[in-house]
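Heavy-atom basis, side chains included; hydrogens, waters and symmetry copies ignored. In what follows, chains are A, B, ... by sequence order, proteins preceding strands, each numbered from 1.
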Protein chains: 2
Amino acid sequence: MSKLTTQRQAILDVINSSNRHWDADELTRSLSDAGKPIGIATVYRGLAALEAQGLIHSIQLADKKRYERADKEHHDHMVCTQCGHIEEFSHQTIEQLQQAAAHEKNFKLTGHQLVMFGLCSGCQQE
Amino acid sequence: MSKLTTQRQAILDVINSSNRHWDADELTRSLSDAGKPIGIATVYRGLAALEAQGLIHSIQLADKKRYERADKEHHDHMVCTQCGHIEEFSHQTIEQLQQAAAHEKNFKLTGHQLVMFGLCSGCQQE
DNA sequence: GGCATAACGATAATCGTTATCACTGTGGTG
DNA sequence: CACCACAGTGATAACGATTATCGTTATGCC
């Protein structure tokens, strides 16, 4: 198990302090702005380590990976293709049906990602 | 509406000729091997145009985008994290539940992607 | 035939991410 | 306490997929 160093703790604190979905660059800047400069490579390594330990979660979007706190119940994401806003939702039945589908195909499920794309309520106005 | 040029027709033919999920590089090589050399930039542009016209579909994986024929009924994907094998499955109820979830959040749905990760039956043996 | 326009193809540029490598901090161990 | 092993750090180079650039080419229309 890797160490929870000062830097990794700082990354974790930032992520846990909000419900945002952060990318590596945003985290680097946020920490620098807070007077805790950190190397971008350290951020990437830290994020990988924290995720491996289950302390944070990630979603893989088309261009980049985004990280969020793990201390919430499982959910999936809706991404607004206009403004980038990310809405969360969870649906227990969907999870169950996924399990069933995997079982049917003889697939040993280790993870999944459901992302829905569309326009958030705000962006539908225009 | 963009044109269906010789090159784009060739890309489309390759994709429609199998149930594989192709990336841009594989398509370029396949066409070159078939005696129809094509520029990689042309492949990318062609793929974008073909997808915009609904003639092919794509899935965004962590590292790259893969394209498949569009003349099949809608389905989602299971990706083997060991060998890269892609299995398809469809579940009507899941689609309906997604619609419901989007509606609930006031989200105007334009697309979605559900990818499940795990081990295919072959890779579980080892 | 000539011209406007979209597409092509070679290649440079971009961007997120990973690898490299010299250096640093930490935690045993003798 | 000094030393060593080793994971982590940070600057930066490298990488890989994709996009932009730009001169050239093909196509369709008057």
Handout entry: Which atom of A/W22 lies closest to which atom of A/E26, heavy atoms considered
Key = CA-OE1, 3.4 Å
Handout entry: Under 4.0 angstrom between B/Q7 side-chain N/O and D/dA26 OP1 or OP2
Key = no
Handout entry: Any B/K64 side-chain nitrogen or oxygen under 4.0 Å from OP1 or OP2 of D/dA17
Key = yes
Handout entry: Over 12 foreign heavy atoms within 6.0 Å of NE2, A/H75
Key = yes
Practice task
Would you tell me if any nitrogen or oxygen in the side chain of B/R8 comes within less than 4.0 Å of OP1 or OP2 on C/dC8?
Solution key: yes
Exercise for the section: State, yes or no, whether a side-chain contact exists between A/R29 and A/D25 at a heavy-atom distance under 4.5 Å. Expected result: yes
Exercise for the section: Could you tell me the separation between the CG atom of A/L47 and the C1' atom of D/dT9, rounded to a whole number of Å? Expected result: 15 Å
Problem - Side chains of B/H74 and B/H57, donor plus acceptor under 3.5 Å - result: no
Handout entry: First encountered from the 5' end of DNA chain C, between B/T6 and A/T6
Key = B/T6
Exercise for the section: Please check the phosphate of C/dT18 (OP1 and OP2 only) for any side-chain N or O of A/Y44 closer than 4.0 Å. Expected result: no
Fill in the blank from the handout: Against the side chain of A/K3, the closest entry in D/dA20, D/dA11, D/dA7 is D/dA7
Completion exercise
Rounded to whole Å, CG of B/L27 lies from C1' of D/dA17 at a distance of 14 Å
Exercise for the section: Check whether any side-chain nitrogen or oxygen of A/T42 sits under 4.0 Å from OP1 or OP2 of D/dG8, and answer yes or no. Expected result: no
Practice task
Taking only the side-chain nitrogens and oxygens of B/T5, find out if one of them lies under 4.0 Å from OP1 or OP2 of C/dC8.
Solution key: yes
